[in-house]
Q: 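Please read through the structure below; I'll follow up with questions.
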Amino acid sequence: MTNITEKLELFEVFVRSKRGLDHKHIGSLHAEDHEQALEYARDCYTRRTEGVSIWVVKSDDICASQEDDAECFYDPSDDKPYRHATYYVLPDPVNNM
Amino acid sequence: MTAPQEENFMRKIQAEEKIEPKDWMPEAYRKNLIRQISQHAHSEVIGMQPEGNWITRAPSLRRKVVLLSKVQDEAGHGLYLYSACETLGISRSEMIEQLQSGVAKYSSIFNYPTLTWADVGAIGWLVDGAAIVNQVSLQRTSYGPYSRGMIRICKEESFHQRQGYEAILELAKGSPGQKEMAQDALNRFYWPALMMFGPHDSESAHSQKSMEWKIKRETNDDLRQKFVDQTVKQIEVLGLEHPDKAIKWNEERGHYDSSDLNWDEFWSVINGNGHCNRQRIEHHVAAHEEGEWVRDAITAYNDKKRAKKAQNAA
């Protein structure tokens with residue numbers, strides 16, 4: 001059985017739901033090129049005004065960190081608590097600062 | 001002894017963290033998910049047939065456009081779910097192959113015929129209603145892409161149930177003949193709708209592991225009970241007779257007691273002997289084969305576009 005999806009590239013779809021908000025990953029689809037991916041994304045993922053702007057990115061072009069390596073990959077400097085607001089105890093009347 | 005990866009996996013499950021496509025997961029978890037998500041996707045797609053049957057014959061232009069939109073949604077839901085399933089390393093063509101060869105199942109409800117216009121209303125109200133109960137629960141499933149797909153689907157699904165109930169309501173308030181037609185559809189679809197939740201927990205091959213891995217969040221019987229409870233009032237408002245003569249409020253349990261289902265019928269339909277099993281698959285194969293020229297045209301157009309691009313670049 002010939003299947004067209006195997007000849008097509010996989011794209012990830014990001015949608016901005018309204019102006020002022022971030023684009024958010026919403027799903028993926030197969031398409032021949034960016035132009036077609038945009039049209040398919042519009043047809044599939046924005047059937048009920050879910051968005052005002054769509055990004056499509058080839059899945060292969062995404063370079064991702066491995067979540068399982070989180071500990072050695074990230075260094076959030078948790079040993080420096082003075083970088084957080086909660087570290088500073090101020091008098092009650094001004095503590096809303 | 002459990003491997004550290006498996007321990008890490010179970011820790012995430014227990015902490016209500018989602019499992020994402022690139023994470024390590026037990027082979028059985030992956031397999032179980034592929035079975036469940038692909039079955040779900042196939043149900044969306046095969047489910048277009050019984051209703052599609054009525055698009056040209058819906059009684060008014062309004063009913064036609066509503067039904068057309070609903071069936072279009074089902075195609076979209078199938079696509080969301082196929083995409084989610086593909087993240088587990090199975091291709092779309094493998095899934096279609098498994099559907100057409102009978103290896104993969106779809107919900108047995110779609111093997112019942114839609115004999116009258118009232119059946120279309122009953123499907124929206126009861127079949128989509130039962131599906132929503134299940135899908136709301138699955139929004140909390142442990143696999144990220146499946147969970148996100150469910151959230152999107154649930155947002156769209158509520159319209160399906162409401163348009164179905166509205167159509168039945170109109171018949172139930174209509175002429176004696178229309179009311180009879182509504183009652184008949186209710187009588188035929190009520191029981192198969194309850195069967196959509198699957199066998200009793202004690203008989204369900206995949207239930208225990210699925211619960212442990214939080215693929216499923218509530219058991220078949222608990223979900224079925226929810227549906228039984230919510231449907232009583234809906235039948236009452238229609239002024240129709242409840243198909244289950246044994247339905248009775250149980251104060252102690254805080255739920256309705258109801259008759260057991262005809263499980264022989266359930267297994268017989270699952271195993272391919274429902275009214276429409278062969279017809280549904282034959283139609284799917286035919287539609288796929290008849291669509292060959294469309295796929296060929298897309299491929300040819302894409303080749304042409306690519307050649308043109310290469311020429312312009314040269």
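So you know, we letter chains A, B, ... as the sequences are listed, proteins then strands, and number each from 1.
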Q: Heavy-atom distance under 4.5 Å to chain A: side chain of B:K155, backbone, both or neither?
A: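 Contact with chain A: none, neither part.
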Q: Are the side chains of A:H30 and B:Y82 in touch, meaning some heavy atoms are under 4.5 Å apart?
A: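 The answer is no; the side chains never approach within 4.5 Å.
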Q: Any side-chain heavy atom of A:E32 sitting closer than 4.5 Å to one from B:T299?
A: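 No; the side chains remain at least 4.5 Å from each other.
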Q: Would you indicate whether the side-chain heavy atoms of A:E50 and B:R152 approach each other to under 4.5 Å?
A: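 In short, these two side chains do not touch, never coming nearer than 4.5 Å.
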Q: Nearest 0.5 Å, please: how far is CG in A:D43 from CD in B:Q72?
A: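 So the CD of B:Q72 and the CG of A:D43 are separated by 8.5 Å.
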Q: Just checking A:W55: does its CH2 atom have more than 12 heavy atoms from other residues, nucleotides or ligands closer to it than 6.0 angstrom?
A: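 Open: at most 12 neighbouring heavy atoms sit under 6.0 Å from CH2 of A:W55.
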Q: Using a 4.5 Å cut-off on heavy atoms from C-beta on, say whether the side chain of B:I298 contacts that of A:Q36.
A: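 They are in contact (side-chain heavy atoms under 4.5 Å apart), so the answer is yes.
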Q: So for B:F9, is it side chain, backbone, both, or neither that comes closer than 4.5 Å to the heavy atoms of chain A?
A: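 Interface part for B:F9: neither.
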Q: Look at atom OH of A:Y87 and say whether more than 12 heavy atoms of other residues, nucleotides or ligands are closer to it than 6.0 Å.
A: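 No, OH of A:Y87 has 12 or fewer neighbouring heavy atoms, counting only those of other groups under 6.0 Å.
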Q: Could you state the interatomic distance from CG (B:L79) to OH (A:Y45), rounded to the nearest 0.5 Å?
A: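 The distance works out to 5.5 Å.
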Q: More than 12 heavy atoms of other residues, nucleotides or ligands under 6.0 Å from CG of A:D61: yes or no?
A: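 Result for CG/A:D61: enclosed.
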Q: Where do A:R48 and B:D73 land on the side chain to side chain contact (heavy atoms under 4.5 Å, CB included) test, with the steps shown first?
A: CA-CA 11 Å; A:R48 289 194 175 77; B:D73 272 356; 2.6 Å; yes
Q: Under 4.5 Å between any side-chain heavy atoms of A:I26 and B:R148, yes or no?
A: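 No; the side chains remain at least 4.5 Å from each other.
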Q: Please say whether more than 12 non-hydrogen atoms of neighbouring residues, nucleotides or ligands are located less than 6.0 Å from CZ in B:R162.
A: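 Check fails, neighbour count at 12 or below.
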Q: Tell me the closest heavy-atom pair linking A:S28 and B:S83, and the distance in Å.
A: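 What the structure gives for the nearest pair is O-OG, 3.3 Å.
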